[in-house]
There are 2 protein chains.
Amino acid sequence: MSENLHLAPLARRWSTLARLNHDDREAILTLPFRREVFAKDAYLLREGQQPAESALLLSGFAYRQKLLRDGGRQIINFLLPNEFVDLQAAVLGTADHNVQSLNRSEVAIIPRSALLELADARPNLRTAMWADKLIDSAIVREWVVNVGRRDSRARIAHLLCEIAVRLRNAGTNGDMFDFPITQEQLADATGLTPVHTNRTLQALRRDELIQLTSGSLKILNWKALREAADFDELYLHQS
Amino acid sequence: MSENLHLAPLARRWSTLARLNHDDREAILTLPFRREVFAKDAYLLREGQQPAESALLLSGFAYRQKLLRDGGRQIINFLLPNEFVDLQAAVLGTADHNVQSLNRSEVAIIPRSALLELADARPNLRTAMWADKLIDSAIVREWVVNVGRRDSRARIAHLLCEIAVRLRNAGTNGDMFDFPITQEQLADATGLTPVHTNRTLQALRRDELIQLTSGSLKILNWKALREAADFDELYLHQS
DNA sequence: CGTTAATTTGAGACCATTCAATTTCGGTGG
DNA sequence: CCACCGAAATTGAATGGTCTCAAATTAACG
């Protein structure tokens, strides 16, 4: 069997989204792909592009983003390892936003046709893909609420809660973890300025809710952070 | 054939999203459903609910919404006629947001099982549903950009552009149309206060970009409105 | 150990909010 | 047809959260 363990984490994740049998898992593991490495800020996908292949993030972070005429940038969602960059491209064709690598990342490039065949042949995987996309949508919906209605403190606290829980759901330690997101990126994700993001982070540190130093985030007081963020993880559809 | 023309507009809309043959269209038209009427502000779906049926908006508007602990409300998207309230519920089970009727609306309640069978049996309809959901996601992504990075004038202008174009794509006149959205709802959709929404609308009227009176919106200067909004309709995936 | 990126600090300006009151609109009943 | 009512829209003035524009400091990296 010419299996490749790079896709094993994806199989594991999709198993939590739909009931997969042995053949389903096998079909994932034998998907054809090639690996590619992207540097910090490199584009994985550009608005207007019509990719013939889909990209699966193997390691590192990435983010969906749109640029404004005036040069402003709004980050729309973060992508964690084993999430798809453009599962949607197969149907809509043209990309309507950009995806950039957040730090150095590793990606599996999979022919679109292989994924389409998978979806056609395997109802369970179809369900998993559907659930995958729906959760992604639910997260973006919560982001509208976050940037639309919460003040800077709650907004940043909420984003940190979300990332922590998503990492925990993915099997990483959610209380202390690598946090390669710069304050400028955090600002672009929350709709704030870098300056104000900085002051807000300082406040969260002063109040001993978090500890954030040299690319590592530690959550010191979960209860208070959730409280400050008005965070309810129902929308992540995991627990 | 016990067809019911209430579902014909849905068949027409889905035809623009995927290649549907005669049988596909027939399958849509013969879906079982019952009609229901909802008053202004009535809930079509509540967070935490696990509906056994899906609701399709036949006439009137609705909106997706989330409430905050402090009583604030953020509108996440508007639903136009012939859009589904909860096509996602079938997979995720629990609703993560609320849907309210914007004005008096009419809804087709369809058993979830019927939709699942449709998707299982008909690849083309599956594709249409997938595209449907993906466009919905794209709209919500643009909303993150809207509330995150645009000032009040651009924000409201953008929302008006989007609604006009979505209505035009649905076959309605996009230059002048019924606009039952109150300023309070507009405020909740843009993350602004009703007071500031009012002042911003007045500015758009003063500059003769729009005419908004007694539930009717007329776009007087498309070029200037698009300009003010930084509006690019690519994300609606229609033209 | 030099160089660039990232974070931090300060002060003033501004966009949007808050709070409260008033006016207009749409629908209803006398 | 007019009087009434609640909802929606409008106005004013003061407050405040976030932004802007620099400049300084610290961290990351080859």
Side-chain angles (χ1 to χ4, degrees), chain A residues 39-42 61 68 70-75 100-104 146-160 178-206 210-217 228, chain B residues 39-42 61 68 70-75 100-104 146-160 178-206 210-217 228:
Chain A
K40 176 166 157 54
D41 290 329
F61 291 170
L68 286 91
D70 68 9
R73 178 177 71 168
Q74 176 67 43
I75 293 179
Q100 282 184 277
S101 186
L102 190 139
N103 45 7
R104 185 189 140 89
N146 205 36
V147 295
R149 280 278 167 252
R150 288 194 255 261
D151 66 22
S152 63
R153 182 184 172 91
R155 216 182 282 189
I156 288 182
H158 195 282
L159 185 55
L160 299 181
D178 281 346
F179 193 81
I181 307 175
T182 67
Q183 291 184 13
E184 190 180 1
Q185 291 165 337
L186 223 44
D188 283 341
T190 49
L192 301 168
T193 55
V195 171
H196 198 63
T197 300
N198 178 274
R199 293 195 229 268
T200 307
L201 282 172
Q202 286 180 52
L204 292 176
R205 280 192 284 231
R206 182 178 0 92
I210 61 167
Q211 184 184 308
L212 177 58
T213 37
S214 61
S216 171
L217 177 66
Chain B
K40 177 168 160 49
D41 290 329
F61 290 171
L68 286 90
D70 67 8
R73 177 177 73 167
Q74 178 66 43
I75 292 179
Q100 282 183 277
S101 186
L102 190 139
N103 44 7
R104 186 190 139 90
N146 205 37
V147 295
R149 279 280 168 250
R150 287 193 256 261
D151 65 22
S152 63
R153 182 185 172 90
R155 215 181 283 189
I156 287 182
H158 196 281
L159 185 56
L160 298 182
D178 282 346
F179 192 81
I181 307 175
T182 67
Q183 292 185 11
E184 189 180 3
Q185 290 166 337
L186 222 45
D188 282 341
T190 50
L192 300 168
T193 55
V195 171
H196 198 62
T197 300
N198 178 274
R199 295 195 229 267
T200 307
L201 282 172
Q202 287 180 50
L204 292 176
R205 281 192 282 232
R206 182 178 1 89
I210 61 168
Q211 184 185 308
L212 178 58
T213 37
S214 59
S216 171
L217 177 66

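Below, all heavy atoms of this structure are taken into account, side chains as well, without hydrogens, waters or symmetry copies. The structure displayed is predicted, hence computed values, not measured ones. Order of the sequence lines sets the chain letters (A, B, ...), proteins ahead of strands, with each chain counted from 1.
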Tell me the interatomic distance from [X], atom [atom1], to [N], atom [atom2], rounded to whole angstroms.
X	N	atom1	atom2	answer
A/Arg199	C/dG10	CZ	C1'	7 Å
B/Gln202	C/dA16	CD	P	15 Å
B/Ile181	D/dA9	CD1	C1'	16 Å
A/Gln183	C/dT9	CD	P	10 Å
B/Leu201	D/dT11	CG	C1'	15 Å
A/Arg150	D/dG17	CZ	C1'	18 Å
A/Leu102	C/dA6	CG	P	11 Å
B/Leu212	D/dT10	CG	C1'	13 Å

* Asked: Considering only heavy atoms, which members of residues 187-197 of chain B lie under 4.0 Å from some atom of DNA chain C?
  ->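 Nucleic-acid contacts, sorted: B/Gly191, B/Leu192, B/Thr193, B/Val195, B/His196.
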Are [X] and [Y] packed together at the side-chain level, in the sense that at least one heavy-atom pair is separated by less than 4.5 angstrom?
X	Y	result
B/Thr193	B/Thr197	no
A/Gln185	A/Asp41	yes
A/Pro194	A/Gln183	no
B/Lys40	B/Thr182	yes
B/Leu201	B/Ile210	yes
B/Leu212	B/Arg205	yes

* Mind checking A/Arg205 for me? I need base, sugar-phosphate or nothing, with any heavy atom below 4.0 Å counting as a touch. =>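 Touches sugar-phosphate only.
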* Measuring from B/Thr200:OG1 to B/Arg155:CZ, what's the distance to the nearest 0.5 Å? -> 9.5 Å
* Please give the angle, rounded to 10 degrees, between the axes at the start and the end of the helix from C/dC1-D/dG30 to C/dG30-D/dC1, where five pairs define each axis. =>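 Roughly 50°, once rounded to the nearest ten degrees.
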* **Phosphate OP1/OP2 of C/dA6 contacted by A/Lys40 side-chain N/O (<4.0 Å)** => yes
* Do any side-chain nitrogens or oxygens of A/Asn198 fall under 4.0 Å of OP1 or OP2 in C/dT7? -> no
* To do: Would you indicate which nucleotide in D/dT11, C/dA16, C/dG10 comes nearest to any side-chain atom of B/Asp151?
  => C/dA16
* **Closest listed nucleotide, where the reference is the side chain of B/Thr182 and the choices are C/dA11, D/dA9, C/dT17** =>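 Out of C/dA11, D/dA9, C/dT17, the nucleotide with an atom closest to B/Thr182's side chain is D/dA9.
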* To do: Please report the C-alpha distance between A/Arg149 and B/Asp188 in whole Å, then the side-chain angles of each, then the deciding distance to 0.1 Å, and finally whether the salt bridge (Lys or Arg N to Asp or Glu O under 4.0 Å) criterion is met.
  => CA-CA 9 Å; A/Arg149 280 278 167 252; B/Asp188 282 341; 3.1 Å; yes
* So, A/Asn103 side chain and A/Phe61 main chain: donor-acceptor pair closer than 3.5 Å or not? -> yes
